[in-house]
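Sequence lines set the chain letters: A, B, ... in the order given, protein chains first and strands last, and positions in each chain run from 1.
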Protein chains: 2
Amino acid sequence: MARNTMPKKERQQALVDIINKDPFITDEELSETFNVSIQTIRLDRLELGIPELRERIRSVASENQKKLRSLDAKEVIGEIVDLELGVSGISILETTEDMVFERTQIVRGHYIFAQAESLAIAVIDAKVALTGVANIKYKTPIFAGDKLVAKAKVMRTRGNKYFVWVFTKVRQQEAFRGKFILVTIGEDRR
Amino acid sequence: MARNTMPKKERQQALVDIINKDPFITDEELSETFNVSIQTIRLDRLELGIPELRERIRSVASENQKKLRSLDAKEVIGEIVDLELGVSGISILETTEDMVFERTQIVRGHYIFAQAESLAIAVIDAKVALTGVANIKYKTPIFAGDKLVAKAKVMRTRGNKYFVWVFTKVRQQEAFRGKFILVTIGEDRR
DNA sequence: CTAGCTTTAGCATCAGGTACTAATAACAGA
DNA sequence: TCTGTTATTAGTACCTGATGCTAAAGCTAG
């Protein structure tokens with residue numbers, strides 16, 4: 001039956017690991033995996049300051065909810081602060097840590113692009129599909145915390161095609177520019 | 001004291017709303033806010049099929065964990081299936097419901113862009129910052145469920161500048177193309 | 001062999017319930 | 001007004017996954 005017991009220290013380390021990996025595990029299950037009594041597990045948790053199952057689940061639930069809320073907000077890709085439909089618009093995006101390349105702290109291009117695209121689509125007053133873009137330029141690297149101010153102008157419309165320019169500034173400095181060609185749908189497209 | 005009771009139906013509707021908003025509320029707290037006994041709350045939950053507090057917390061915790069995991073995976077923006085550093089690479093992205101414009105079911109351009117950008121950066125063997133892009137074209141609209149296959153080729157290098165072309169196909173049809181100009185950093189940049 | 005740490009056992013208690021029974025209150029229809 | 005139905009409340013036994021406490025072993029090193 002070799003009730004293969006482990007030294008206390010080792011068991012407690014393993015305990016921490018297991019609970020971190022699966023916070024949904026009960027003391028009973030733990031006692032079975034370690035071949036010790038439930039009381040021992042409880043003592044271990046006490047010593048290690050690990051809360052009971054229900055508290056663990058509770059905190060997982062609320063922490064994850066926080067994370068999801070912040071991601072939801074991020075999905076907006078910039079807040080539109082001014083909008084004259086069919087003419088122009090302004091959008092502001094506060095960049096955060098999780099938009100950057102870890103190694104360089106530089107904001108990933110697609111966030112900047114996404115802000116510009118969203119704004120360009122917002123100024124067009126119709127169901128639209130983005131079909132062509134040209135002349136994008138990133139002028140300077142953008143770092144977490146920078147506030148991106150994007151201005152869009154509708155330059156020309158031809159039938160169901162819209163030519164929209166977007167300029168994005170960081171601290172008054174131009175950081176990005178893009179010319180978007182948007183095609184409304186609903187009508188035939190080609 | 002006007003124990004202001006509410007009609008049953010109304011109370012149950014309000015109950016659903018409250019619990020949806022705050023799944024962490026106990027029957028006792030609910031009974032206080034509605035000025036009814038705990039038993040009434042329990043009966044209501046039974047009729048409405050609402051599980052007990054602990055179950056609610058449990059499901060919030062695990063559902064949100066699932067969502068977070070899928071978002072994590074999404075952050076990769078395409079799976080790189082082939083890569084010859086400094087030369088070429090292939091990335092596959094399965095599009096999903098939450099990448100599209102609700103109204104049109106068409107995949108938002110920045111996901112396609114992000115896949116291409118990520119791939120372009122991956123094929124360059126260095127710390128890179130994206131600084132210039134040109135000649136992007138979206139050829140056809142892409143719908144949720146479409147599988148995007150992006151191929152990148154390094155066309156030219158000049159000093160710390162890399163010219164990378166990315167072609168993305170959906171069902172053998174070209175859907176996107178982009179020429180990226182990447183600049184490695186670490187060295188001086190200008 | 002004994003002092004000290006570690007482990008186990010047992011029991012009372014708690015929160016937040018389920019499941020069930022039974023009594024009472026409220027109200028609508030004849 | 002009485003009556004039948006629905007709604008509400010009360011109360012009990014039981015459940016899970018714990019806490020908190022006391023006490024008894026088990027092991028181990030000096």
Heavy-atom pair of closest approach, residues A/Ile106 and A/Pro141 = CD1-CB, 3.8 Å
Can you give each donor-acceptor pair under 3.5 Å made by side-chain atoms of residues 145-156 of chain B, sequence neighbours left out, with the distance rounded to 0.1 Å?
{"residue": "B/Asp146", "atom": "OD1", "partner": "B/Arg171", "partner atom": "NH1", "Å": "3.0"}
{"residue": "B/Asp146", "atom": "OD2", "partner": "B/Phe143", "partner atom": "N", "Å": "2.8"}

Using a cut-off of under 3.5 Å, enumerate the N/O to N/O pairs linking the protein to nucleotides 25-28 of chain C.
none

Could you tell me whether a side-chain N or O of A/Glu79 sits under 3.5 Å from a main-chain N or O of A/Leu93, the two making a donor and an acceptor?
-> no
Expressed in angstrom and rounded to an integer, what is the separation of A/Lys9 atom NZ from C/dT7 atom C1'?
-> 19 Å
Let me know the distance between CZ of B/Arg58 and P of C/dG16, rounded to the nearest Å.
-> 16 Å
Within this structure, what is the CD1-to-P distance between B/Ile38 and D/dG11, rounded to whole angstrom?
-> 13 Å
Find the distance A/Leu30:CG to D/dT16:C1' and express it as a whole number of Å.
-> 16 Å
Which residues pass the side-chain contact (heavy atoms from CB on, under 4.5 Å) test with B/Ser37, sequence neighbours left out?
-> B/Gln39, B/Thr40
Show which side-chain atoms of residues 16-28 of chain A pair as donor or acceptor with protein atoms under 3.5 Å away, not counting sequence neighbours.
{"residue": "A/Asp17", "atom": "OD1", "partner": "A/Gln13", "partner atom": "NE2", "Å": "3.3"}
{"residue": "A/Asp22", "atom": "OD1", "partner": "A/Phe24", "partner atom": "N", "Å": "3.0"}
{"residue": "A/Thr26", "atom": "OG1", "partner": "A/Glu29", "partner atom": "N", "Å": "3.2"}
{"residue": "A/Thr26", "atom": "OG1", "partner": "A/Glu29", "partner atom": "OE1", "Å": "3.2"}
{"residue": "A/Asp27", "atom": "OD1", "partner": "A/Arg45", "partner atom": "NE", "Å": "2.9"}
{"residue": "A/Asp27", "atom": "OD2", "partner": "A/Arg42", "partner atom": "NH1", "Å": "3.0"}
{"residue": "A/Asp27", "atom": "OD2", "partner": "A/Arg45", "partner atom": "NH2", "Å": "2.8"}

Validation row: B/Lys179, B/Phe163 side chains within 4.5 angstrom (heavy atoms) | no
What nucleotide among C/dT8, D/dA7, D/dA18 has an atom nearest to a side-chain atom of A/Thr40?
-> C/dT8
Please give, in whole Å, the distance from C/dG17 P to B/Ile25 CD1?
-> 10 Å
With the side chain defined as heavy atoms from C-beta on, B/Gln39 is closest, among D/dG11, D/dA7, C/dA9, to D/dG11
Residues in side-chain contact (heavy atoms from CB on, under 4.5 Å) with A/Gln173, at least two apart?
-> A/Thr140
Please report, rounded to the nearest Å, how far the P atom of D/dT16 is from the CD atom of B/Glu55.
-> 13 Å
Nearest non-hydrogen partners of A/Ala114 and A/Ile77, listed with the distance | C-CG2, 3.2 Å
Ordered by number, residues from residues 10-17 of chain A within less than 4.0 Å of DNA chain C (heavy atoms) are A/Arg11
Run through the side-chain heavy atoms of Ile, Leu, Val, Met, Phe, Trp and Tyr, join any pair under 4.5 Å, and report what else lands in B/Val60's cluster.
-> none
Would you kindly give the CG-to-P distance between A/Asp27 and D/dG17, to the nearest whole Å?
-> 10 Å
Set of side-chain contact (heavy atoms from CB on, under 4.5 Å) partners for A/Ala116, sequence neighbours left out = A/Val166, A/Phe176, A/Phe180
For residues 41-52 of chain A, which residues have at least one heavy atom under 4.0 Å from DNA chain C?
-> A/Leu43
Polar side-chain atom of B/Glu174 near backbone of B/Thr168 as donor-acceptor pair, under 3.5 Å | no
B/S/- contact track for nucleotides 24-30 of chain D, protein heavy atom under 4.0 Å = -------
Extract from the structure each pairing of a protein N or O with an N or O of nucleotides 12-15 of chain C at less than 3.5 Å, listing the distance.
{"residue": "C/dA15", "atom": "N3", "partner": "B/Arg54", "partner atom": "NH2", "Å": "3.0"}

Please work out which of the three classes, parallel, tilted or perpendicular, describes the rings of A/Tyr138 and B/Phe113, given edges at 30° and 60°.
-> tilted
Does B/Gly89 offer a backbone N or O that forms a donor-acceptor pair with the side chain of B/Glu84 under 3.5 Å?
-> no
Between C/dT18 (C1') and B/Leu53 (CG): distance, integer Å = 14 Å
Carefully, step by step, assess A/Ile80 and A/Leu119 under the rule side-chain contact (heavy atoms from CB on, under 4.5 Å).
-> CA-CA 7 Å; A/Ile80 289 165; A/Leu119 178 59; 4.2 Å; yes
Can you run down the salt bridge (charged side-chain N to carboxylate O under 4.0 Å, His left out) pairs that involve residues 49-61 of chain B, sequence neighbours left out, and say none if there aren't any?
-> B/Glu52-B/Arg54
Check B/Arg11, B/Lys8, B/Lys9 against B/Glu47 for a salt bridge (Lys or Arg N to Asp or Glu O under 4.0 Å) and give me the one that passes.
-> B/Lys8
